[in-house]
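Please read all numbers here as calculations on a predicted model, not as lab measurements. These numbers come from the heavy atoms of this one structure, side chains and all, not from hydrogens, waters or symmetry mates.
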Amino acid sequence: MRNSPDISVVVPAFNEEELIERSIMRFLDSLSAQRRSFELIVVNDGSRDRTGALLDRLAADEPRLRVIHFARNFGQTAAMMAGFLAARGEAVVALDADGQNEPDEVEKLVDRLDDGFDVVSGWRRDRKDSWLRTRVSRVANWIIGKITGVKLHDYGCTLKAYRAHVVRDARLFGEMHRFIPVFTTMHGARIDEMVVRHHPRTAGQSKYGYGRVMRVALDMALVRMLQRYSTKPLHFFGKITQYAWLGTLACFGFAGLQAIYSADPWKAFWGKAPLVGVILFVLGFIAIMSGLVAELVMRAGYEPVGGQYWEVARATNFDANAEATQPRTASIERLVPSAPLRERSPTSIS
Ligand code: UDP
Ligand code: MG
């Protein structure tokens, strides 16, 4: 007898009382008609309206519906991660609670996982949001693809299917749910994209405005840094030092030339250029020092897993339990599979 479902559908929900019942009924209907067994995990992200009560009422006579209630609003990223960690299925699919995603598409995306992909990303080609939002998001997707090298048409679409382990290994904070595909590629995931249907929001409000544009830009910078420098932060900060000190040289060179061609060399030399040069020198010095501190922090971060930052996918002619080939030990959660945080002690991690 198996007690884990084939797929886990994860739904973050925050203040969606107007449409949560309708969405959940629709998801249950649609998923019941599909081939695979499922569980529906809704994470109530600290809603201050009736969302939580409505969910509990629905869950009372539907065991496949499981609800996690956050103590307060922690954001969509936290809600999705909590759902991913609670998921028991081999495949995990995320959906918005507002009914904008089409649940009938779940089967198609999971079929594609079976073709050997780790992530299948939904693409709302015919998107039912405002004209401006759709355009802004198109440009943003293009830029994210250029900068991260992970080219997708629709990062913002929540409807995506994942092999369970790739999302469990992702470490997401803030609003990084938008960059899940990039994080999964950092763990070696193979990604594909499929066009999915999209519906307009029929009630309630979008939780995000155009203020997100700046936040996405900041997050993109962080993602790029993590992609390239997370195990060698000194090289990132050292680059800043490099440019700052080149600036110092240029400033002093310029001041030297001014002095040579001036009637009063000393006065010419002590103009503005050397001052700027000194400021740049100090900046470069601070950057190097920050880089050295970042190196210490990074090393301390990997200490619980013995400094192992690489992940082994598989090994040939090795004993299944060989220490050196344990898959994905870079993640602490793997070593302590299901112990809740407060039960963890330092010794249980060694
Ligand atoms: N959401 C959440 N916590 C938040 C904000 C949003 O769980 O702090 C949920 C929300 O209920 C919805 C999904 O995340 O199910 C996407 O939010 P929304 O529909 O407002 O975003 P949009 O589709 O407008 O980008
Ligand atoms: Mg929405």
Side-chain angles (χ1 to χ4, degrees), residues 3-14 23-24 27 31 36-46 55 59 64-71 73-98 101 103 105-106 109-110 112-114 117-122 150 152 154-192 196 219 223 226 311 327-341 344:
N3 51 12
S4 56
D6 297 330
I7 60 173
S8 299
V9 175
V10 170
V11 178
F14 176 53
S23 300
I24 299 300
F27 295 166
L31 293 167
R36 297 181 178 84
S37 63
F38 70 92
E39 63 178 351
L40 181 58
I41 301 176
V42 183
V43 183
N44 167 23
D45 183 13
L55 284 169
R64 290 173 300 183
L65 174 61
R66 306 165 74 207
V67 187
I68 297 172
H69 299 276
F70 274 1
N73 180 242
F74 279 91
Q76 188 179 343
T77 298
M80 290 175 71
M81 275 314 288
F84 293 157
L85 293 177
R88 295 174 300 185
E90 292 268 307
V92 177
V93 182
L95 284 175
D96 276 345
D98 57 14
N101 298 129
E105 306 276 21
V106 167
L109 297 188
V110 178
R112 193 77 184 130
L113 284 182
D114 286 344
F117 291 96
D118 300 301
V119 178
V120 181
S121 178
V150 182
L152 289 178
D154 199 352
Y155 272 89
C157 181
T158 304
L159 175 52
K160 298 184 196 307
Y162 312 91
R163 243 175 245 284
H165 74 83
V166 306
V167 277
R168 273 188 217 123
D169 287 346
R171 292 288 171 271
L172 305 177
F173 296 89
E175 297 184 10
M176 285 296 182
H177 61 274
R178 303 194 180 97
F179 293 92
I180 295 176
V182 184
F183 281 92
T184 66
T185 59
M186 291 187 212
H187 296 278
R190 290 184 61 205
I191 300 193
D192 193 29
V196 293
D219 285 347
V223 165
L226 291 175
E311 294 168 21
R328 302 180 175 276
T329 33
S331 124
I332 296 172
E333 263 64 18
R334 293 252 145 199
L335 293 180
V336 196
S338 55
L341 208 55
R344 255 184 231 162

Between T77 and E175, do the side chains contain a donor N or O and an acceptor N or O under 3.5 Å apart?
no
Locate the shortest heavy-atom distance separating F183 from A170; write the atom from each residue and the value.
CB-CB, 4.3 Å
Between V223 and M176, is any pair of side-chain heavy atoms under 4.5 Å apart?
yes
A cation-pi test, strictly: NZ or CZ of R168 under 6.0 Å from the centre of the six-membered ring of F84 and no more than 45 degrees from its axis. Yes or no?
no
Is M80 close to I180 at the side-chain level, that is, under 4.5 Å between some pair of heavy atoms?
yes
4.5 Å side-chain heavy-atom contact, R64 and L31
no
Taking all atoms of both residues into account, what is the closest heavy-atom pair of R66 and E39, and its distance?
NH1-OE1, 2.6 Å
Heavy-atom pair with the smallest gap, counting every atom of A79 and V43:
O-CG2, 3.3 Å
So which heavy atom on S8 is nearest to which on I41, and how close?
CB-CD1, 4.5 Å
Can you confirm whether I7 sits close enough to V106 that some side-chain heavy atom of one is under 4.5 Å from a side-chain heavy atom of the other?
yes
When you compare the side chain of V196 with that of N101, does any pair of heavy atoms fall below 4.5 Å?
no
Backbone of D6 reached by a side-chain donor or acceptor of S37 within 3.5 Å
yes
With a 4.5 Å limit on heavy-atom distance, are the side chains of F38 and V110 in contact?
no
Is any side-chain heavy atom of V182 closer than 4.5 Å to one of Y155?
yes
